[in-house]
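Data block below; observations after.
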2 protein chains.
Amino acid sequence: MMDLTRKGEYAIRGIVYLAARQSDQVCLLSDIAAAVDVPQTFLAKIFQQFSKIGLVRSYRGTGGGFVLGRPPEKITLLEVVEAVEGPIIPNRCVTGEGECSRTSSCNVHPVWVKVQTQVKDILEKVTLKDLAGL
Amino acid sequence: MMDLTRKGEYAIRGIVYLAARQSDQVCLLSDIAAAVDVPQTFLAKIFQQFSKIGLVRSYRGTGGGFVLGRPPEKITLLEVVEAVEGPIIPNRCVTGEGECSRTSSCNVHPVWVKVQTQVKDILEKVTLKDLAGL
DNA sequence: CCCAAAAAGACTATTTATGTCCTGTTTAGT
DNA sequence: ACTAAACAGGACATAAATAGTCTTTTTGGG
Ligand code: SF4
Ligand code: SF4
């Protein structure tokens, strides 16, 4: 239960590697993929998602590549994980929507709320700066 | 990310319902399934798993059914969840095996260890007695 | 023996995960 | 303008996990 997928794991490895680089230096996807040992085409998809929400900035064409979208200390692990895995949802009833009719009277529900809060809290307190060892 | 499957959700609902019953009263699977709104054949598989590890005790034949294997205050939510979903593994590197060669030098690894510990801690402190409202 | 009830195993359909491949678009440099 | 480098996006493929169903067997009571 509760497992990060490969995609999530790759995403973290990739962006942490990028964070460890100088911020003014664009990185080739091929370099990142090789360095963190991830299939390049797969990592491409992941970085596209990052790019869309501004976690990274991409440059196309010759001399292109990726740079971090913000300073590493301003990007949390939670953001990275949620960018590719979606929100942290320990059970359907914590989505905010009326997913389960039992929610109001259920004694289990608050437990999942607590799990969600705690996990998000842990991941939110870790930044790419910490992870890149800066 | 981190989602309980239907199986896990059904498992909890079923065993919590059972816990709310008098301990000397055997419950029919059909009754439990109807009460917690779960397909009976699916719940059967779940309760077979429970039975194997002693979370519930089953009686076959006429007048058979299920009773809780232990007093409700002695069964934690963690046990129930792990019985059907397997161990709480936020990422492959927290299984104990040498699943990732980067583990020793990885800054992300301790985060997953912490997530695992915290989640298990929350689930372990909740018993069926709490959940059944006893 | 007959019936009730769980155990066990085979089977199926749908969705998710984990990629690959191909084509297009942008851009720097000659 | 042309070319090569590099990301963007979509279609495709395969395998595994999920969410069940169905049938048969075993067990116990009357
Ligand atoms: S934990 Fe309670 S509220 Fe949440 S899905 Fe299960 S029954 Fe519904
Ligand atoms: S978090 Fe670090 S140790 Fe864990 S799987 Fe990823 S790279 Fe390996």
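Each chain gets a letter, A, B and so on, in the order the sequences are listed, and its residues count up from 1. FYI, side chains are in, hydrogens and waters are out, and symmetry mates aren't considered; it's all heavy atoms of this structure.
The side chain to side chain donor-acceptor pair (under 3.5 Å) test applied to Lys7(A) returns Gln49(A), not counting sequence neighbours.
The side chain of Phe66(B) approaches dA7(C) more closely than any other nucleotide in the set dA7(C), dC21(C), dC7(D). Side-chain proximity of Pro39(A) to dA6(C), dT20(C), dC7(D): nearest is dT20(C). For Lys45(A), the listed nucleotide lying nearest its side chain is dC21(C); candidates were dA8(C), dC21(C), dT18(C). Here the nucleotide nearest the side chain of Arg6(B), chosen from dA8(D), dA6(D), dG20(D), is dG20(D).
Glu9(A) places its CD atom 15 Å from the P atom of dA17(C), with the value rounded to the nearest Å. When the C1' atom of dC7(D) is taken as reference, atom CG of Asp31(A) falls 14 Å away, rounded to whole Å. Rounded to whole Å, the distance from CG on Leu29(B) to P on dA7(C) is 8 Å. Residue Leu28(B) contributes atom CG, which lies 9 Å from atom C1' of dA4(C) at whole-angstrom precision. In this structure, Glu85(A) atom CD and dT18(C) atom C1' are separated by 12 Å, rounded to whole Å. Put simply, CG on Leu43(A) is 10 Å from P on dC7(D), counting in whole angstrom units. Separating the CD1 atom of Ile46(A) from the C1' atom of dA8(D) is a distance of 15 Å, rounded to the nearest angstrom. Straight-line distance from the CD atom of Gln49(B) to the P atom of dT18(D): 12 Å, rounded to whole Å.
More than 12 heavy-atom neighbours from other residues, nucleotides or ligands sit within 6.0 angstrom of CD on Gln25(B).
Nearest-nucleotide assignment on DNA chain D puts the 5′-proximal partner with Ser30(A), out of Ser30(A) and Gly8(B). In terms of position on DNA chain C, the residue among Gln48(B) and Gln40(A) whose nearest nucleotide sits closer to the 5' end is Gln48(B). Across the interface with DNA chain C, nearest-nucleotide mapping of Arg60(A) and Tyr10(A) shows Tyr10(A) to be the residue nearer the 5′ end.
A single hydrophobic cluster is not seen to contain both Leu134(B) and Leu55(B); linkage of ILVMFWY side chains at heavy-atom distances under 4.5 Å, directly or through other members, places them apart. When the side chains of ILVMFWY residues are joined at heavy-atom separations under 4.5 Å, either directly or via intervening members, Val36(A) and Phe42(A) end up in a single hydrophobic cluster.
In terms of phosphate contacts, Ser51(B) brings a side-chain nitrogen or oxygen within less than 4.0 Å of OP1 or OP2 of dA7(C). Here Tyr59(A) does not reach the OP1 or OP2 of dA28(C): none of its side-chain N or O atoms lies under 4.0 Å away. Contact annotation: Thr62(B) does not reach the phosphate of dA5(C) (side-chain N/O to OP1 or OP2, under 4.0 Å). One finds a side-chain N or O of Thr5(B) lying less than 4.0 angstrom from the OP1 or OP2 phosphate oxygen of dA19(D). For the pair Ser58(B) and dA7(C), the criterion of a side-chain N or O lying under 4.0 Å from OP1 or OP2 is met.
Counting any heavy atom pair closer than 4.0 Å across all strands shown, Lys7(B) reaches sugar-phosphate atoms only and no base atom.
Side-chain atoms of Tyr17(A) and Arg21(A) form a donor-acceptor pair, as typed in the model, at a separation below 3.5 Å.
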(request) For Glu79(A) and Lys74(A), run salt bridge (Lys or Arg N to Asp or Glu O under 4.0 Å): C-alpha distance rounded to whole Å, both residues' side-chain angles, the deciding distance at 0.1 Å, then the answer. (result) CA-CA 10 Å; Glu79(A) 284 181 280; Lys74(A) 292 284 175 60; over 6 Å; no
